[in-house]
Number of protein chains: 2
Amino acid sequence: MPRPRSLTHDQIAAAALAVIDRDGPAGLSMRAVGSELRMSTMALYRYVRDREQLEGLVVAGVLASAELATPPEAPWTERLTLLVERVRAAVAAHPSVVPLLLLHRHDSAASLAWGEAMLGVLTEAGFSGVQRVVAFRALLSYLIGALQVEHLGPLSGTGTVAIAGLPSADYPHLAATARDARSVPPEQEFGQGLAILLRGLECGPQPR
Amino acid sequence: MPRPRSLTHDQIAAAALAVIDRDGPAGLSMRAVGSELRMSTMALYRYVRDREQLEGLVVAGVLASAELATPPEAPWTERLTLLVERVRAAVAAHPSVVPLLLLHRHDSAASLAWGEAMLGVLTEAGFSGVQRVVAFRALLSYLIGALQVEHLGPLSGTGTVAIAGLPSADYPHLAATARDARSVPPEQEFGQGLAILLRGLECGPQPR
DNA sequence: GTCGTAGGCGTACGCCATACACCTACAAGG
DNA sequence: CCTTGTAGGTGTATGGCGTACGCCTACGAC
């Protein structure tokens, strides 16, 4: 009956994402999002319980951009690769959102749906019971960890350069590896790591 | 010549860790650590540049408790498992430190030394060049991600319970898997996931 | 036109990190 | 033993944050 709402959750999430993309994760504040929407800070609270819920909206928005359908005739390893790579791509488009993703990866419908899709493929591949639990958590851990390692590294890649310059006397392997790492693009590194994990799932004592 | 220092970095790290263990990650503040040390807030700044450096000290302290020596005659997979499990154990003793670990895993001598130890084993196992880079990053990503998934989950495990209660109609696989997951202790889940990854390193097209 | 609901906003409070200026405890040099 | 300069410890102040609360008012229903 009274005045209609003038904002949607989607608009709010988009505004917050814009702030984060522009000013980095530390730039996100209720004040900043408010003025991004040309509203007062407190107006936001008509739409959002608190800052935490707003962060959840941002994460949900990013995850929702990942397609969940996979070709049913493709091998299960390939289908899982698709699902994982799509999340990686969605996040790579907004690197500054990684710290929020770590805290809110659980509490959105988009993330539940992604998990459901992953488990669907694993189930069709023959995984069940504890093996399915372990396989899913291993893939999830790798994905989460890789995002974190890639985007929250020591200034996202410049750290590798710094490590490459370490005194070879103190850290010979580390310095050498960091030098090698400079020639490996992040996508390739991510993909190959994922391939290793999937190979372990394929050829383990509990195959199928 | 003037007055001697009355605090060491170790004492400060221990105090901050005590605060975190008692009040959780959000309880960490310069004020809290100051009063834990029976000093004023600002006294801390004589020993520490800013809050970020203090966080680094805490992480360094936790990581330093992980032993780095491994039996040279053991298989390389077992030696890597030891190194990874020790970090997991060190962190599991102070779960609230996980968010800080994610941000500061790079900037302490302890973490560099751990990386060096891991790479030493990988090198002895025959890995080199890009393969060594990929293997190391895969293991690191899994470790980081698993810590995050385990300790920053939806309230650390209670979330699994919540998911298990989801409407099976909407998320059938997710609900079933969450039910299965309740019977798997976290250490076993972590260990089996790591085993999968190591198996992938062993039996891949680029073994040795 | 009237009215009640709920949108939008201003103010204020308590927390945080931290810059700065001050006092003072103490080791070194006499 | 006394002086002195350095650096330790502290109090105060600033500017940011999230958000509780209360006010005004635009608006749909009647």
Side-chain angles (χ1 to χ4, degrees), chain A residues 1-60 96-97 99-104 107 152, chain B residues 1-60 96-97 99-104 107 152:
Chain A
M1 310 175 184
R3 189 154 147 191
R5 311 208 120 205
S6 52
L7 253 42
T8 67
H9 272 183
D10 283 349
Q11 289 173 306
I12 293 173
L17 190 55
V19 169
I20 292 177
D21 283 341
R22 186 181 346 108
D23 302 333
L28 181 69
S29 72
M30 302 301 276
R31 285 167 168 81
V33 176
S35 72
E36 179 78 20
L37 289 166
R38 303 173 158 281
M39 292 227 166
S40 81
T41 308
M42 293 312 292
L44 267 182
Y45 284 88
R46 292 282 171 189
Y47 298 88
V48 141
R49 194 182 341 107
D50 53 15
R51 180 200 166 107
E52 191 169 335
Q53 192 188 342
L54 181 130
E55 293 177 353
L57 289 178
V58 175
V59 172
S96 297
V97 100
L100 297 185
L101 177 71
L102 302 183
L103 292 167
H104 297 280
D107 56 24
L152 268 69
Chain B
M1 308 180 179
R3 189 150 143 192
R5 310 209 122 204
S6 53
L7 252 43
T8 66
H9 273 184
D10 283 348
Q11 288 173 307
I12 293 172
L17 189 56
V19 170
I20 292 177
D21 284 340
R22 185 181 347 109
D23 302 333
L28 182 68
S29 73
M30 301 302 274
R31 283 167 167 76
V33 176
S35 71
E36 178 78 20
L37 290 166
R38 304 170 158 280
M39 291 225 167
S40 81
T41 307
M42 294 311 292
L44 268 181
Y45 285 88
R46 292 283 170 188
Y47 298 88
V48 142
R49 194 183 338 107
D50 53 15
R51 180 199 166 105
E52 192 169 334
Q53 191 188 342
L54 181 128
E55 293 177 353
L57 289 178
V58 174
V59 172
S96 297
V97 99
L100 297 185
L101 177 71
L102 302 182
L103 293 167
H104 296 281
D107 57 24
L152 269 67

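Letters A, B, ... mirror the listed sequences (proteins, then strands); counts begin at 1.
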(message) Taking 4.0 Å as the cut-off, does a side-chain nitrogen or oxygen of Arg5(B) come that near to OP1 or OP2 on dG8(D)?
(response) yes

(message) Among Gln53(A), Glu52(A), Glu55(A), which residue satisfies the side chain to side chain donor-acceptor pair (under 3.5 Å) criterion with His104(A)?
(response) Glu55(A)

(request) Remember a base hit wins even if backbone is also touched, and classify Arg46(B) as base, sugar-phosphate or nothing at under 4.0 Å, heavy atoms. (result) base

(request) For a side chain to side chain contact (heavy atoms under 4.5 Å, CB included) with Leu57(A), tell me which candidate from Asp10(A), Leu17(A), Val48(A) qualifies. (result) Val48(A)

(request) Report the distance from atom CD of Gln53(A) to atom P of dT19(D), rounded to the nearest whole Å. (result) 11 Å

(message) Rounding to an integer number of Å, can you tell me how far Glu55(A) CD sits from dC17(D) P?
(response) 14 Å

(request) May I ask you to evaluate whether Arg3(A) reaches the phosphate of dT5(C), defined as a side-chain N or O under 4.0 Å from OP1 or OP2? (result) no

(request) Among the candidates dG18(D), dG9(D), dC16(C), find the nucleotide nearest to the side-chain atoms of Tyr45(A). (result) dG18(D)

(request) May I have the distance from Arg38(B) (atom CZ) to dT10(D) (atom C1'), rounded to whole angstrom? (result) 17 Å

(request) Quick one: closest heavy-atom pair of Ala15(B) and Val33(B), and the distance? (result) CB-CG1, 4.4 Å

(request) Look at all strands and tell whether Ser6(B) reaches a base, only sugar-phosphate, or nothing, counting heavy atoms closer than 4.0 Å. (result) sugar-phosphate

(message) Rounding to an integer number of Å, can you tell me how far Leu44(A) CG sits from dG18(D) P?
(response) 10 Å

(request) Find the distance Leu28(B):CG to dT18(C):C1' and express it as a whole number of Å. (result) 15 Å

(request) Using only side-chain N and O atoms of Ser40(B), determine if any of them is under 4.0 Å from OP1 or OP2 of dG9(D). (result) no

(request) Write down the distance between CZ (Arg49(A)) and P (dG18(D)), rounded to a whole number of angstrom. (result) 16 Å

(request) Could you pull out the closest heavy-atom pair between Met30(B) and Leu44(B), with the gap in Å? (result) O-CD1, 3.5 Å

(request) By nearest nucleotide on DNA chain D, pick out whichever of Arg51(A) and Thr41(B) is the more 5' one. (result) Thr41(B)

(message) Measure CE/Met30(B) against P/dC15(C) and give the value in whole Å, please.
(response) 18 Å

(message) For a quick test of reading the model: is some side-chain N or O of Tyr47(A) closer than 4.0 Å to OP1 or OP2 of dG8(C)?
(response) yes

(message) Distance check needed: dA7(D) C1' versus Met42(B) CE, whole Å only.
(response) 15 Å

(request) State, to 0.1 Å, how close Ile20(B) and Ser96(B) come at their nearest heavy-atom pair, and which atoms those are. (result) CG2-CB, 3.4 Å

